[in-house]
Amino acid sequence: MPPGFRLHNTRSRKLEEFTPLQPGKIGLYVCGMTVYDRAHVGHARAMVVFDTFVRYLRHRGWEVTFVRNFTDVDDKIIRKAAEEGIEASALAEREIQAFHRDVDAMGLARPDIEPRVTTSIDQIVALIATIIERGHAYAADGNVWFDVKSFESYGQLSGQKVDELRSADPDAGKRESADFALWKAAKPGEPAWDSPWGQGRPGWHIECSAMAGTELGATIDIHGGGLDLVFPHHENEVAQSEAGHGCRYVNYWMHNGLLTMAAGVKMGKSLGNVVNIEDVLKTFPAETLRLYYLQNHYRSPLPWNDEALPEALGMLSRLYEARDIAETMRGEETPEKIAEALGADAIKVLQLGRAFEEQLYTALDEDFNTSKALANLLSLARAVNRLGSHKKAKRRAGPLVAPALAAFELVGRTMGLMTTPTQDFLEEVKDKRLASMGVSRAEVERLVADREAQREAKAWAEADKIRDELLAMSIIVMDGPQGSRWKVRLEAADAQA
RNA sequence: GGCCUGGUGGCCAAGUGGUAAGGCAGAGCUCUGCAAAAGCUCUAUUCGUUGGUUCGAUUCCGACCCAGGCCUCCA
């Protein structure tokens, strides 16, 4: 039996000890995208959070079944397809492919199952029929509405009371304005499927209930999604599933916080302030985004601004450099003996390195506190860098940094950071940033080489002149014992992708 | 109007009934031909305001102020 952990459950708004339905197993359902447009960095946060959560649980020995759906038919898809003059299914297919490209580029594991609405119609129809049978829904004019008043605990998840909801436009045929569609009658030209209530398509909420039920059973361990889905989407899922299956739908509700723009306004397609994943990845390595998200607790709102990504990239680079330093250290003695010779800095690296794994578990087992885990990682990296400044370290400290290297590897496995060789990472940064600025790499390298030649000749004025030229191109050169390295300066404006 | 979050140093941010992680920015220093990078040191007697509980609260409770989310599609 894997070790336990605690999670904040949206329903109770408290931290709860996690108890699985079956020992050692976790069924996780996360609401996926409605595929009518590219995924943005808000979606990416949810994806990274749950990807990391799954990685971690698996690392700890849990057998996780991870399901994330695609909503591939809905009003927006139909409308956008009509605008583009293509079939709704073609639009959805195109966007699913784009989504998969984004997911792969982000280094996210695919869920075990990615059900789609359009291939789950049978289950959806069957579930709706059961809900009607049990007296919790009614058909009217080819639509099927969920009867909110018939379901006593409606509103429990979100703390809403039916009578106090600000009422939407009462749809024709609805008994209560809070009643919501399980099945929508087809309008001419829309994608439609046969059903006992006539041609039509599923409502937005029912799909998740049906697909989660099919893939994970009537009760699922953990259901995740963005905080903005709590009401009405998840509330309605609860009502449908519990009305249909007669048992609890979800044991633990896990909601990630939203990205906010300046002034705390959230990012959303409807607000027109979204930044797409594919655009960000043109200028920043994917791990930059990961680090940025994981730096904050998953439930907090996360500000998106111009400094965020450059700052995260700076941190990430420092982590890579620390690993690089650690990797080049050699030595044969016992860690204790070297530590004695090298002093306090060495002892600290050893201690932090050895304590890291346990600290990571402690942090992540308490409501998945990646922020805390990363603070520990940064401390470890700093200790390694400090040790690297000792003259004897390179030759002798290898055994001392072995625990640190193991820690970095663990971070890669669980949090998806530091997963590429350092050189590859640095090259990727250069390539992406040069490309985004339209600067030629050959030109940069030629100037750097020229400057090195001038430095060889101790022609400092010439060398400095070239350095200024490079700086004007946002290239920073760093002289070291093995020659000059260079990198692209991070500027806040670049975050705008 | 109803429901729900959150207010921690210049900025972002974790956290705890016993006296404030981490990051960025800033200052000084080491290193360097000069720089850069990296490292070191420093930077909140204080955690929105105000009552209360307590030996003790930033942490628990109440009130208030402020910001934001949801109640319509949204990760």
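The structure presented is a predicted model; accordingly, all values stated were derived computationally and were not measured. Chain identifiers are assigned alphabetically (A, B, ...) following the order of the sequence lines, protein sequences preceding nucleic acid strands; residue numbering begins at 1 within each chain.
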Review point. Can a side chain N or O of A:N305 be found less than 4.0 Å away from OP1 or OP2 on B:C12?
Key: no

Check your understanding: Which whole number of Å gives the distance between the P atom of B:U50 and that of B:U8?
Key -> 16 Å

**Study point:** P gap between B:U59 and B:C71, integer Å
**Key:** 32 Å

**Study point:** Sub-6.0 Å ring centroid separation between A:H223 and A:Y252
**Key:** no

Check your understanding: Does B:U43 pair with anything, Watson-Crick or G-U wobble, both distances under 3.5 Å, and if so, with which nucleotide?
Key -> none

Check your understanding: Start at the 5' end of RNA chain B and walk down; is the nucleotide closest to A:K487 or to A:S158 reached first?
Key -> A:S158

Point to revise | Note: A:D464-A:R455 ion pair, threshold 4.0 Å (strictly below) | key: no

**Study point:** Between B:A20 and B:A57 - P atom distance, rounded Å
**Key:** 14 Å

**Study point:** Pairing of A:R201 and A:D75 as salt bridge, 4.0 angstrom limit
**Key:** yes

Review point. If we take the P atom in both B:G52 and B:C66, what is their distance in whole Å?
Key: 24 Å

Check your understanding: Please, which pairs that meet side chain to side chain donor-acceptor pair (under 3.5 Å) have at least one residue in residues 105-118 of chain A, sequence neighbours excluded?
Key -> A:R58-A:D112, A:D72-A:T118, A:E93-A:R116, A:H100-A:E114, A:D104-A:R110

**Study point:** Whichever of A:R299 and A:L227 has its nearest RNA chain B nucleotide further upstream toward 5'
**Key:** A:R299

Point to revise | A:R446 bridged to A:E443 by N-O distance under 4.0 Å | key: yes

Review point. If only side-chain N and O atoms of A:R386 are considered, is one of them under 4.0 Å from the OP1 or OP2 phosphate oxygen of B:A38?
Key: no

Show which side-chain atoms of residues 363-374 of chain A pair as donor or acceptor with protein atoms under 3.5 Å away, not counting sequence neighbours.
{"unit_1": "A:D365", "atom_1": "OD1", "unit_2": "A:Y56", "atom_2": "OH", "d": "2.8"}
{"unit_1": "A:D365", "atom_1": "OD2", "unit_2": "A:R60", "atom_2": "NH2", "d": "2.8"}
{"unit_1": "A:E366", "atom_1": "OE1", "unit_2": "A:R6", "atom_2": "NE", "d": "3.2"}
{"unit_1": "A:E366", "atom_1": "OE2", "unit_2": "A:R6", "atom_2": "NE", "d": "3.4"}
{"unit_1": "A:E366", "atom_1": "OE2", "unit_2": "A:R6", "atom_2": "NH2", "d": "2.7"}
{"unit_1": "A:D367", "atom_1": "OD1", "unit_2": "A:H8", "atom_2": "N", "d": "2.9"}
{"unit_1": "A:D367", "atom_1": "OD1", "unit_2": "A:Y298", "atom_2": "OH", "d": "2.7"}
{"unit_1": "A:D367", "atom_1": "OD2", "unit_2": "A:H297", "atom_2": "NE2", "d": "3.3"}
{"unit_1": "A:D367", "atom_1": "OD2", "unit_2": "A:R299", "atom_2": "NE", "d": "3.0"}
{"unit_1": "A:D367", "atom_1": "OD2", "unit_2": "A:R299", "atom_2": "NH2", "d": "2.7"}
{"unit_1": "A:N369", "atom_1": "OD1", "unit_2": "A:S371", "atom_2": "N", "d": "3.3"}
{"unit_1": "A:N369", "atom_1": "OD1", "unit_2": "A:K372", "atom_2": "N", "d": "2.9"}
{"unit_1": "A:T370", "atom_1": "OG1", "unit_2": "A:L294", "atom_2": "O", "d": "2.7"}
{"unit_1": "A:S371", "atom_1": "OG", "unit_2": "A:Q295", "atom_2": "O", "d": "3.0"}

Review point. Looking for any heavy atom pair under 4.0 Å, which part of the strands does A:G32 touch: base, sugar-phosphate only, or nothing?
Key: sugar-phosphate

Check your understanding: On a whole-Å scale, what distance lies between the C1' atoms belonging to B:G48 and B:U32?
Key -> 47 Å

Set out, line by line, the N/O atom pairs under 3.5 Å between protein and nucleotides 28-33 of chain B.
{"unit_1": "B:G33", "atom_1": "O6", "unit_2": "A:R451", "atom_2": "NH2", "d": "3.4"}
{"unit_1": "B:G33", "atom_1": "O6", "unit_2": "A:R455", "atom_2": "NE", "d": "3.3"}
{"unit_1": "B:G33", "atom_1": "N1", "unit_2": "A:D464", "atom_2": "OD1", "d": "2.9"}
{"unit_1": "B:G33", "atom_1": "N2", "unit_2": "A:D464", "atom_2": "OD2", "d": "2.7"}

Review point. For atom C1', what is the distance between B:G23 and B:U53, given to the nearest Å?
Key: 37 Å

Practice item. Using the P atoms only, state how far B:A13 lies from B:G69, rounded to an integer number of Å. Key: 15 Å

Practice item. Would you indicate, yes or no, if B:G39 has its OP1 or OP2 atom less than 4.0 angstrom from a side-chain nitrogen or oxygen of A:R318? Key: yes

Exercise for review: Measure from the ring center of A:H234 to the ring center of A:H255 and say whether it is less than 6.0 Å.
Suggested key: yes

Check your understanding: Counting just side-chain N and O atoms, does A:N256 come under 4.0 Å of either OP1 or OP2 of B:A75?
Key -> no

Review point. Does OP1 or OP2 of B:G23 have a side-chain N or O of A:R382 closer than 4.0 Å?
Key: yes

Practice item. Could you give the distance separating B:U43 and B:G10 at their C1' atoms, to the nearest angstrom? Key: 10 Å

Check your understanding: Are any of A:S389's side-chain N or O atoms less than 4.0 Å away from OP1 or OP2 of B:C40?
Key -> no

